[in-house]
Amino acid sequence: MSFPNSFAKKDPSPYSPSETVETSPHKHRKDDNRDPSKHGDRLTPKTPLDRALHAASSMGHTVLVELRDFVQDIQVKLDPAPRSVSDDDVNAVRAVLQALFKKSAPPSEDNIAETFVNAINDLAMCQGYVAGLSRYRYQKNDPSRAKVDAALYREAEAPIGEGAPDWNNIRLYIEFKKGGTQLEPFDDDDLDHPEASAARRAAVRVQLMAYAHNIFLYQHRDALYSIFISGKDFRILQWDRSGVIATKKHDYVKDPRPLLEFLAYFESLSDIQQGIDHTATLLASTSKAYKLMDDFAQANPSDMPHADKTEIPPVDTTSFSPTSPASPPPVLPEDLSAAPATPVSAAYQGPAFGTRQRTKQLATEMHLDTPIVPDDTDPPENDESYLDEIEEPEGGLVERVFQYVRDKFRDSIDPALGWPRYKIEVGEEKRPFLVGKPIFFSTSMFGRGTRGYVALDVRTRRFVFLKDSWRPFYVGVEPEGHYLELLSSDKQVPIDIPRLVTHGDVADHHAFTTLYAQHFQGKKLAEVSDDDEVPTTSVTSEAVPLPSQPSPVTGQKRPFEEDDGKFAADADVSHLSDNGESLTESESGAFRRYRHYRIVVSDVCLPFTEIVSSTQLIVLIYHCITTHARAYTRYSVLHRDISAGNVIIRPQLRLIPSRLGWNRVVWTGILTDWELAKVVPKDGTKQAARQPERTGTWQFMSVAYVEDHPAPVTVADELESFFHVTLFYAVRLLRHNISNVQAFIVGYFDSYNPGGGFGRTCSVLKTNTIQQDCIQLGSLRVQFYLKPKVVHVELNALFKTWLELFRARYAI
């Protein structure tokens, strides 16, 4: 979305910490807490808690402005100017609306919605667009089942009649209420704390956030407009990842001109100015890229099982032909690779399977060596010549694919889901990747908004993992790719981390609300007389100047849970928080600075819920601890967010020396999500705060760190976090004597008490476990079992030894 040049800051902000910043105890994902491996205890969703936390997470993210300030400061100056609204237009709309409200009984919400939508369409209030109602049906397969009242669509994309919302094509959404203070999401009399806290009013705000979140989820955007109608009043809202700018309510029945002028302004905006991400291209179902994704989703006989220690035979090239319709798509060189070369049957003519020559031949057969030239009549966005840029695999041989990876890709583009497909550009080289539905996503409108995809790398024709997020943008806060490059820089000391393909910030996308909040706060302070008391604030006291022209390109975890940075196919930690934003950080003038960022790694990993034994759990955790130790001892890097979602499994092949051409699947524990990592001094030098948030995931933070905050995270804290992660998965996946797993998870990981450096301390159960070196649930001492009625001596001893070491730390 385009916004004034003075806001398009390309340099990160220094962080000036505030003494009043609070943090959330935990934030839960709304999705069902299921266990994909089907051998763990099922955790039921906590909907009431989810709703309350969602409402709480909306606090402190709003800038409330006068309508005139919104027009002056937010709306970009267009050339040519928007269509002028005549007095006749105003009078025609006023007549329709006044007729509705002059009835003896106040109109219902449905009456208001129908009249308003009909007026937009019949009186051409937004030319080139169609307003569609969608009050009673949700989009098929939409997990949120959201039913927004109405939305604006381009004429060519509008649904026919009243039906379900089309989240793929909504350009602006409209929500209606019958009116009354009890349904107002904002308090116009309190600019410093505009989010109304009453339950019904907060519920309306949560509803508005949910609709914005859904549009950001289905589409690729950096900003979004919406309109809120409450009785005779309307508000304009502009959403992005750092918050929402909302106008004070205005009577559109008495004076419809501002509303009509906004709609005329909106119809004049380009896609980019409306907040559409120009680095993500929506694929038409008739495009070559769309068809390429279908081809790669086909079942492939050469795909491999992923279970640990599975023995994989060489590819049998005599049983099928790579170019047969029943065989893998011949454009999949990575799927047609072999382990060590095997003899080729005389029935198969051509270069050896899995060789550089065969890869070239397959490309020729599929006409991939012929440039794709768009028709002269096609618009530039239909140019698919980028599909020509194919890189040969290193060494001439390519890797086979684990079946679960292709299955995840196939599921993400299932037409029954109704999910759009996109070509996404990543990095300075604008490397193209093809994606469908994300395999995980943040459920929060505000924050990093992470989405993870199993993507198809157009250049290598390989499946990769792509993460799209909004990273904190402060001095000294490096992007995640920086740390992956650093930790993989010495090939002599391998560290098990995700293998980087490419990464980079996206265009000039900055979250605008934070930048405007600084300007707005400066304006308010500038209006305070010298005799008035000026409150302490972390933003400048000078208003940011506003230019007359927009920038040429747009500038622009989780109220419950954000699987941020987990390069896993289904990280089943959906009820947990990750390192999230403060619920009330903006109350202290600390709106977060965010920068749009994408990173691609070659590994599509597995979640820890694939684990089937205690041995696997401990070995994989050991791998992650080893990675943590090497990162710290060699590079002075602390991860600073050890959590259940940040430990994942990478299946790999290793040759079996005694069997020619055979491989064995070996699982390696991977420590991922390094975006909160930090190079820390080892000489006792004090660490400086870099961004206005606590670091880590509440459920897995050490007891000491929570109590001593804002003291920095230490190695001891992170080792304790590994214990909590291990216990979490052991309780979820292994045999034990806990009868109610749900109660234990909530009591140990989610609960909190007032006090401490965070304003709250860890649960009594968690604190007692660490300080008394035993896991005691009431009168029950928790024990793990190897099989029914057979105590798991080794695992119980390991937990006891671990806890004895922690008790020694707390005894000091």
Side-chain angles (χ1 to χ4, degrees), residues 23 25-26 573 576-580 608 617-618 620-633 636-647 669 671-674 676-678 680 682 687 694-732 744-753 755-758 760-777 782 784 795-812:
T23 56
H26 52 303
V573 289
L576 298 175
S577 78
D578 210 60
N579 57 291
F608 259 45
L617 173 61
I618 299 306
L620 293 171
I621 286 290
Y622 175 76
H623 293 162
C624 295
I625 295 176
T626 301
T627 294
H628 184 275
R630 290 176 177 173
Y632 179 73
T633 57
S636 300
V637 171
L638 267 184
H639 185 276
R640 305 199 316 149
D641 187 21
I642 305 301
S643 63
N646 288 341
V647 291
L671 184 58
T672 189
D673 195 355
W674 291 82
L676 292 183
K678 184 178 181 180
V680 296
K682 295 182 179 179
Q687 300 181 42
R694 49 103 172 161
T695 300
T697 301
W698 168 262
Q699 286 87 345
F700 306 103
M701 289 179 183
S702 75
V703 173
Y705 177 59
V706 172
E707 292 180 347
D708 296 341
H709 185 74
V713 179
T714 66
V715 171
D717 294 316
E718 304 241 81
L719 291 176
E720 183 180 321
S721 294
F722 276 117
F723 168 83
H724 298 309
V725 169
T726 307
L727 179 62
F728 169 76
Y729 279 119
V731 170
R732 289 292 312 281
F744 182 86
I745 293 295
V746 172
Y748 187 100
F749 295 96
D750 295 339
S751 300
Y752 64 96
N753 293 296
F758 279 115
R760 63 211 77 194
T761 61
C762 296
S763 68
V764 173
L765 178 56
K766 181 177 178 181
T767 302
N768 288 344
T769 296
I770 293 298
Q771 295 181 351
Q772 298 176 14
D773 74 24
C774 69
I775 309 170
Q776 189 86 19
L777 185 59
V782 175
F784 291 90
L795 184 59
N796 290 322
L798 176 63
F799 279 130
K800 181 174 178 57
T801 300
W802 216 339
L803 287 172
E804 288 174 350
L805 295 175
F806 293 139
R807 186 181 64 172
R809 178 195 182 194
Y810 285 88
I812 297 176

Test Lys766 against Gln699 for side chain to side chain contact (heavy atoms under 4.5 Å, CB included), laying out the working first. CA-CA 9 Å; Lys766 181 177 178 181; Gln699 286 87 345; 5.6 Å; no

Start with the C-alpha distance between Met701 and Val713, add both sets of side-chain angles, then the distance that settles side chain to side chain contact (heavy atoms under 4.5 Å, CB included), and finish with yes or no. CA-CA 9 Å; Met701 289 179 183; Val713 179; over 6 Å; no

Set out, in order, the CA-CA distance, both residues' side-chain angles and the distance that settles side chain to side chain contact (heavy atoms under 4.5 Å, CB included) for Tyr752 and Ser763, then state yes or no. CA-CA 4 Å; Tyr752 64 96; Ser763 68; over 6 Å; no

Mind running side chain to side chain contact (heavy atoms under 4.5 Å, CB included) on Val731 and Tyr748 for me, showing each step along the way? CA-CA 11 Å; Val731 170; Tyr748 187 100; over 6 Å; no

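Residues Glu804 and Phe799 form no side-chain contact, since every pair of their non-hydrogen atoms from C-beta on lies 4.5 Å or further apart. With contacts defined as side-chain heavy-atom distances shorter than 4.5 Å, the pair Ile775/Leu803 qualifies. Counting heavy atoms from C-beta on, the side chains of Asn646 and His639 come closer than 4.5 Å. In this structure, the side chains of Gln776 and Thr769 stay at 4.5 Å or more apart for every pair of heavy atoms. Counting only heavy atoms from C-beta outward, the side chains of Lys678 and Leu676 never approach each other to under 4.5 Å. With a 4.5 Å cut-off on side-chain heavy atoms, Val746 and Ser751 count as touching. Side-chain contact between His628 and Leu638 is present, with at least one heavy-atom pair separated by less than 4.5 Å. Taking the side chain as every heavy atom from C-beta outward, Thr761 and Thr767 never approach each other to under 4.5 Å.
What you find for His623 and Gly669 is that their closest heavy atoms are ND1-N, 2.9 Å. Closest heavy-atom contact between Gly645 and Tyr729: N-OH, 4.5 Å. The minimum heavy-atom distance linking Cys762 with Val706 is given by the pair SG-CG2, 3.6 Å. Contact detail for Trp802 and Thr726: the closest heavy-atom pair is CH2-OG1, 3.6 Å.
Every residue was checked against the ring-ring contact (aromatic ring centres under 6.0 Å, His included) condition with Tyr632, not counting sequence neighbours, and none meets it. Scanning for side chain to side chain contact (heavy atoms under 4.5 Å, CB included) contacts around Thr627 gives Ile495, Asp496, Ile497, Leu671, Trp674, with sequence neighbours left out.
Distance alone, capped at 3.5 Å, places no donor-acceptor pair between the Ser702 side chain and the Glu720 backbone. Side chain of Tyr810 to backbone of Ala704: a donor-acceptor contact under 3.5 angstrom is found. Of the possible donor and acceptor atoms, one in the side chain of Asp717 sits under 3.5 Å from a partner among the backbone N and O of Thr714.
Within the model, atoms CD1 of Ile745 and CG of Leu727 stand 7.5 Å from one another, a figure rounded to the nearest 0.5 Å. In this structure, Ile770 CD1 and Arg809 CZ are separated by 9.5 Å, a value rounded to the nearest 0.5 Å. Summarising the geometry, atom CD1 belonging to Ile625 is positioned 8.5 Å from atom CD1 belonging to Ile618; distances are rounded to the nearest 0.5 Å. Distance OG1/Thr697 to CG/Asp641: 3.5 Å, rounded to 0.5 Å.
In this structure, Phe749 and Phe744 have perpendicular ring planes: the angle between them is above 60°, well past the 30° mark.
Here the two rings, on Phe728 and Phe700, have centers that are under 6.0 Å apart.
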